[in-house]
Amino acid sequence: MLPIEILSTIFLAGGAFFMIAGTAGLYKFPDFYTRLHATGKCDTMGQVLIIFGCMIYEGWSYITIKLLLVSAFYLLAGPAGTHALMKAGYVTGIKPWKKGDQRN
Amino acid sequence: MIIPFLVTGILIGCTILACSYRAMIGPGTFNRIVAANVIGTKAIVLLVVVGFIFERPQFLDIAIMYAAISFIGTIIIAKYAERGELCSP
């Protein structure tokens with residue numbers, strides 16, 4: 001393999017790790033706010049690492065510009081959606097989980 | 001050099017299936033919305049990776065459109081769940 005392919009594979013593996021970690025957090029965490037914290041990692045780190053690995057593999061072409069467009073837009077849009085969901089849950093009246101409460 | 005993209009695509013597909021469990025079972029409305037939001041994010045990344053597996057750059061245009069649609073859908077669902085209406089008179 002070329003060195004640039006090895007570098008691309010490393011970035012793809014890092015992004016897949018963050019995706020799996022976000023899914024495990026969606027399963028194991030006890031309430032709404034902590035689950036939202038876990039899935040925010042998928043929105044930023046997993047997406048950016050996987051698309052950056054594809055950009056390194058592709059080299060300089062117009063496909064790189066499109067990939068940069070997708071990644072930069074969702075890097076702004078994902079945390080904004082997460083914050084809107086958190087505020088909607090807080091206004092609606094969901095209590096945060098404390099130690100000793102029941103997990104739901 | 002198709003093997004790393006193939007493995008990444010299969011892993012993302014498995015995590016989408018795992019998230020759909022929370023979207024079906026999860027208690028209350030907001031847990032389901034969180035699961036649907038993260039499924040949208042993973043679908044964007046899966047579209048990009050599938051475009052590299054089949055070597056067809058047209059999938060990137062679909063990924064751009066799906067990113068915009070997913071963001072607007074999340075914002076509208078959050079607003080509706082917060083206020084109970086979409087536009088106040």
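Residue numbers start from 1 in every chain, and the chains themselves are labelled A, B, ... in the order their sequence lines are given, proteins ahead of strands. Just so we're clear, the structure is a prediction, and the values are computed from it rather than from any experiment.
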TODO: Taking the side chain as every heavy atom from C-beta outward, state whether B/Phe30 and A/Thr92 have any pair of such atoms under 4.5 Å apart.
DONE: yes
- [ ] For residues B/Ala78 and A/Ala88, report the shortest heavy-atom separation together with the two atoms involved.
- [x] O-CB, 3.5 Å
Open item on the list: As an exercise: rank B/Ala81, B/Cys14, B/Cys19 by heavy-atom pairs under 4.5 Å with chain A and give me the winner.
Closed with: B/Cys19
Task: Side-chain touch A/Arg35/B/Arg22, heavy atoms, less than 4.5 angstrom - done: yes
Task: Transitive ILVMFWY side-chain link B/Ile64 to A/Ile51, under 4.5 Å - done: yes
Task: ring-ring contact (aromatic ring centres under 6.0 Å, His included) partners of residues 40-74 of chain A, not counting sequence neighbours, each pair once - done: A/Phe11-A/Phe52, A/Tyr57-B/Phe5
Open item on the list: For residues B/Ile69 and B/Ile16: do they belong to one hydrophobic cluster (side chain heavy atoms under 4.5 Å, members Ile, Leu, Val, Met, Phe, Trp, Tyr)?
Closed with: no
Open item on the list: If we define contacts as heavy-atom pairs under 4.5 Å, which of A/Gly89, A/Gly81, A/Cys54 has the most with chain B?
Closed with: A/Cys54
TODO: To the nearest 0.5 angstrom, please state how far the CD1 atom of B/Ile12 sits from the CG atom of A/Leu12.
DONE: 8.5 Å
Task: Contacts of type side-chain hydrogen bond (donor to acceptor under 3.5 Å, both in side chains), residue A/Thr44, not counting sequence neighbours - done: none
TODO: Count the heavy-atom pairs under 4.5 Å between each of A/Val70, A/Ile94, A/Leu85 and chain B, then report the option with the highest count.
DONE: A/Leu85
- [ ] Name the region of B/Thr29, side chain, backbone, both or neither, that has any atom closer than 4.5 Å to a heavy atom of chain A.
- [x] neither
Task: Contacts with chain A made by residues 53-63 of chain B (heavy-atom distance under 4.5 Å), listed by residue number - done: B/Pro57, B/Leu60, B/Asp61
- [ ] State yes or no: do B/Phe71 and B/Val38 share one hydrophobic cluster built from I, L, V, M, F, W and Y residues joined by side-chain heavy-atom distances below 4.5 Å, directly or via other members?
- [x] no
TODO: Name the region of B/Ile44, side chain, backbone, both or neither, that has any atom closer than 4.5 Å to a heavy atom of chain A.
DONE: side chain
Task: Single-linkage hydrophobic cluster, 4.5 Å side-chain cutoff, A/Ile63 and A/Leu7 together - done: yes
Task: Side chain to side chain, A/Leu67 and B/Phe52, heavy atoms closer than 4.5 Å - done: yes
TODO: Rounded to the nearest 0.5 Å, what's the gap from OG1 on A/Thr9 to CD1 on B/Ile3? Could you check?
DONE: 10.5 Å
Task: Heavy-atom proximity to chain A below 4.5 Å, by part of B/Val49 - done: side chain
TODO: Heavy-atom distances under 4.5 Å only: say whether B/Ile75 touches chain A with side chain, backbone, both or neither.
DONE: side chain
Task: B/Ile2 with B/Val7, same ILVMFWY side-chain cluster at under 4.5 Å - done: yes
Open item on the list: Quick one: does any side-chain atom of A/Tyr27 pair with a main-chain N or O of B/Tyr21 as donor and acceptor, under 3.5 Å?
Closed with: no
Open item on the list: Can you tell me which portion of A/Ser8 sits under 4.5 Å from chain B's heavy atoms? Options are side chain, backbone, both or neither.
Closed with: side chain
TODO: Using the side-chain contact (heavy atoms from CB on, under 4.5 Å) rule, take A/Thr23 and B/Lys42 through it: C-alpha gap first, then chi angles, then the decisive distance, then the call.
DONE: CA-CA 11 Å; A/Thr23 309; B/Lys42 286 170 184 173; 2.6 Å; yes
TODO: Work out which heavy atom in B/Val45 is nearest to a heavy atom in A/Met19; give both atom names and the distance.
DONE: CG2-CE, 3.9 Å
Open item on the list: Listing request: all salt bridge (charged side-chain N to carboxylate O under 4.0 Å, His left out) pairs with a residue in residues 1-27 of chain A, at least two apart in sequence or in separate chains.
Closed with: none
TODO: Heavy atoms only, distances under 4.5 angstrom: which of A/Asp43, A/Leu26, A/Ile50 has the most pairs with chain B? Name it, please.
DONE: A/Leu26
Task: Heavy-atom closest pair, residues A/Ala16 and B/Thr8 - done: CB-CG2, 4.5 Å
